[in-house]
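See structure below.
Below, read A as the first sequence line, B as the second, and so on, with proteins coming before strands; counting in each chain starts at 1.
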Amino acid sequence: MQHFNQIIHAWYRHNKRDLPWRQTTDPYKIWLSEIILQQTRIEQGTSYFVRFAETFPTIKHLANASEEEVLKLWQGLGYYTRARNLHATAKKISTEMNGLFPNTYEDIKKLRGIGDYTAAAIASIAFGLPHAAVDGNVYRVLSRYFGIQAPIDSASGKKEFKQLAQELISEMPPHIHNQAMMEFGALQCVPAPDCPACPLNGSCYALTKNMVAQLPVKQNKPKVRNRYFNYLVLLTNESTYLSRRTQKDIWLGLYEFPLIETSSRSDVCHIVESDEFRNFVNPEHVILGDISNWETHPLSHQRIHYRFIKFAVGKESGISETLIRTNKKDIFNFAVPRLIETFINDNIWE
DNA sequence: TAACCGTGGCT
DNA sequence: TAGCCAAGGTT
């Protein structure tokens, strides 16, 4: 174990990346970076971190923002609950905790959006506390090097990895150790690794047993469900209409065009004749326009089949009060899912 | 516990 | 190409 730590530590000194959040120990910035990076690659999250840190330099700035503003800045990053929890927690710290970020593992973990990993990461990086941060990278490194075959998505497996990780941390400063482990997993011990180039290839269990591709073990394979979204693009000369997603579902809090969900790739006639359609507009006062092809937008647990159906509408079209009218320029101020953003960008709005 | 929550890059 | 999976958390 000492050999393992020495190699990892030395490797980290030579290979660590220069990342924006490594230039500070401000708990707020560390917290912000950890939330952004949950289930997110460094390359994808870095520019978001920079924009958030510039726009909201302190917890108070973030707390004073509107949720709309926070979601707009988060647009495109996915898992939007992270943004809503980040904002809600900033408000809580600002109003109920004297603006001070909690400084113990237990208190940090109580915050919304912060689980075992994130609490350990913040506790170690911002406060130097000896808590092992076990993320996807660490599971991969530990399972391979030490030959741990317990499933990483089971409660007992998580416990076993956490315990091993915690034993390892005692030999190095916690903030260095945790980041070294993660960086090693992110750059060297990747899913399809270059083992001949690995400094641990002389003592790695998985390599000697030819099990690199089998570790770590996962037991649950997510099931994907198909959904069919018909987006109604209601157009006047200068404006269109949006609705906000308020149900407990994907993209909660984001905006989109009025949506009619069907159980299959149904016919447009079926859409126009539906009660849902009648609730949005008066069918007798709209003119059917372009219909896009069906496209698919894969999510982690759903495959969204979607298309856009344009309608020319007028003042007598009976547009539902629940829809939000926006001129075509201001539509860019709304936080929207990726597939809506792509549609808007690809259709030139004058 | 198992299902759910986005997006993008890699193979 | 289709599947994997990434600085996970909540219900």
Side-chain angles (χ1 to χ4, degrees), chain A residues 16-17 19-22 29-49 71 74-86 88-89 108-126 132-141 151-158 161-162 165 175 177-187 189-194 213-214 216 218-225 227 245 247-254 256 296-304 335-342:
Chain A
K16 71 182 242 187
R17 289 169 288 185
L19 302 170
W21 49 88
R22 286 191 176 151
K29 299 288 174 50
I30 302 301
W31 169 48
L32 177 61
S33 73
E34 291 300 339
I35 301 301
I36 286 176
L37 292 173
Q38 285 170 1
Q39 293 289 285
T40 304
R41 293 174 187 282
I42 301 281
E43 304 77 39
Q44 190 187 1
T46 299
S47 67
Y48 283 86
F49 172 83
L71 280 173
W74 198 273
Q75 175 176 298
L77 197 52
Y79 288 137
Y80 297 91
T81 298
R82 293 182 295 167
R84 291 183 286 106
N85 284 342
L86 181 76
T89 297
I108 294 169
K109 194 173 180 302
K110 286 176 187 164
L111 300 174
R112 247 200 286 173
I114 296 182
D116 200 63
Y117 160 77
T118 304
I122 297 172
S124 63
I125 298 171
V134 185
D135 73 338
N137 293 308
V138 177
Y139 282 126
R140 193 166 51 247
V141 172
I152 62 174
D153 52 355
S154 69
S156 61
K158 284 190 175 78
F161 279 98
K162 174 82 178 184
H175 69 289
H177 174 84
N178 281 335
Q179 295 187 78
M181 293 282 288
M182 292 190 281
E183 194 85 325
F184 186 77
L187 297 180
C189 197
V190 294
D194 179 10
Q214 277 71 47
K218 280 191 183 179
Q219 58 184 9
N220 297 325
K221 295 191 169 66
K223 287 175 183 168
V224 176
R225 114 179 121 112
R227 298 177 74 179
R245 296 186 64 86
Q247 303 300 309
K248 188 180 168 186
D249 194 356
I250 57 172
W251 302 327
L252 176 59
L254 274 62
E256 62 187 356
T296 60
H297 184 79
L299 306 179
S300 52
H301 283 72
Q302 300 181 22
R303 181 190 305 273
I304 308 297
V336 297
R338 226 10 156 203
L339 64 85
I340 300 291
E341 182 188 6
T342 301

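Look at A:His301 and you won't find any side-chain N or O under 4.0 angstrom from OP1 or OP2 of B:dG6. For the OP1/OP2 pair of B:dT7 and a distance below 4.0 Å, the side-chain nitrogens and oxygens of A:Tyr80 include at least one atom meeting the criterion. The side chain of A:Gln39 places an N or O atom within less than 4.0 Å of a non-bridging phosphate oxygen (OP1 or OP2) of C:dG8. Of the side-chain N and O atoms in A:Arg140, none sit less than 4.0 angstrom from OP1 or OP2 of C:dC5.
Here A:Arg41 lies in heavy-atom contact (under 4.0 Å) with a base. Heavy atoms of A:Ala186 sit under 4.0 angstrom from primed sugar atoms or phosphate atoms, though from no base atom. Contact annotation for A:Trp74: no contact, since no heavy-atom pair falls under 4.0 Å across all strands. A:Asp249 comes within 4.0 angstrom of the backbone, heavy atoms only, and of no base. In this structure, A:Gly45 reaches neither bases nor backbone, as no heavy-atom distance under 4.0 Å exists between it and the strands shown. At a threshold of 4.0 angstrom between heavy atoms, the contacts of A:Leu19 include nucleobase atoms, whether or not backbone atoms are also involved. Residue A:Ile250 is in sugar-phosphate contact alone, with no base atom involved, counting any heavy-atom pair closer than 4.0 Å across all strands shown. Heavy atoms of A:Pro298 sit under 4.0 angstrom from at least one base atom. No engagement by A:Arg225 is indicated, since no non-hydrogen atom pair under 4.0 Å with the nucleic acid exists.
A:Ile42 places its CD1 atom 15 Å from the P atom of B:dG9, with the value rounded to the nearest Å. The CZ atom of A:Arg82 sits 19 Å away from the P atom of B:dC4 (whole-angstrom rounding). Residue A:Arg338 contributes atom CZ, which lies 19 Å from atom P of B:dC5 at whole-angstrom precision. Between the CZ atom of A:Arg227 and the C1' atom of B:dC4 there is a distance of 11 Å, given to the nearest Å. A:Ile108 has its CD1 atom 17 Å from the P atom of C:dG8, to the nearest Å. A straight line from CG of A:Leu187 to P of C:dA7 spans 9 Å, rounded to a whole angstrom. Note: NZ (A:Lys158) to C1' (C:dG8) measures 9 Å, nearest angstrom. Rounded to whole Å, the distance from OH on A:Tyr79 to P on B:dT7 is 10 Å.
Aromatic pair A:Trp21/A:Phe49: ring centres closer than 6.0 Å.
Between the side chains of A:Gln179 and A:Arg22, at least one donor N or O lies within less than 3.5 Å of an accepting N or O. Side-chain atoms of A:Tyr117 and A:Glu34 include a donor-acceptor pair closer than 3.5 Å.
Taking the P atom of each, B:dC10 and C:dA7 are spaced 13 Å apart, rounded to whole Å. Rounded to the nearest Å, the gap between the P atom of C:dT11 and that of B:dG6 is 14 Å.
Across C:dC5, C:dA7, B:dA2, the shortest atom-to-atom separation from the side chain of A:Glu183 is found for C:dA7. Looking at the side chain of A:Thr40, the nearest of the listed nucleotides B:dG6, C:dA7, B:dT7 is B:dG6.
Side chain of A:Asn178 to main chain of A:Ala121: no donor-acceptor pair is present (N/O by atom type, distance under 3.5 Å, no hydrogens or angles). The backbone N or O of A:Cys189 sits less than 3.5 Å from a side-chain atom of A:Arg140, completing a donor-acceptor pair.
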Distances for protein N/O vs nucleotides 9-11 of chain C N/O pairs under 3.5 angstrom?
from: C:dG9; atom 1: OP1; to: A:Gly115; atom 2: N; distance (Å): 2.7
from: C:dG9; atom 1: OP1; to: A:Gly115; atom 2: O; distance (Å): 3.4
from: C:dG9; atom 1: OP1; to: A:Thr118; atom 2: N; distance (Å): 3.0
from: C:dG9; atom 1: OP1; to: A:Thr118; atom 2: OG1; distance (Å): 2.7
from: C:dG9; atom 1: OP2; to: A:Tyr117; atom 2: N; distance (Å): 3.4
from: C:dT10; atom 1: OP1; to: A:Gly113; atom 2: N; distance (Å): 2.8

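Using a 4.0 Å cut-off between charged nitrogen and carboxylate oxygen, A:Arg227 and A:Asp249 count as a salt-bridge pair. Of the charged side-chain nitrogens involved, at least one lies within less than 4.0 Å of a carboxylate oxygen, so that A:Glu43 and A:Arg17 count as a salt-bridged pair.
Applying the ring pair (Phe, Tyr, Trp, His ring centres under 6.0 Å) rule to A:Phe161 yields the partners A:Tyr139; only residues at least two apart in sequence or on another chain are considered.
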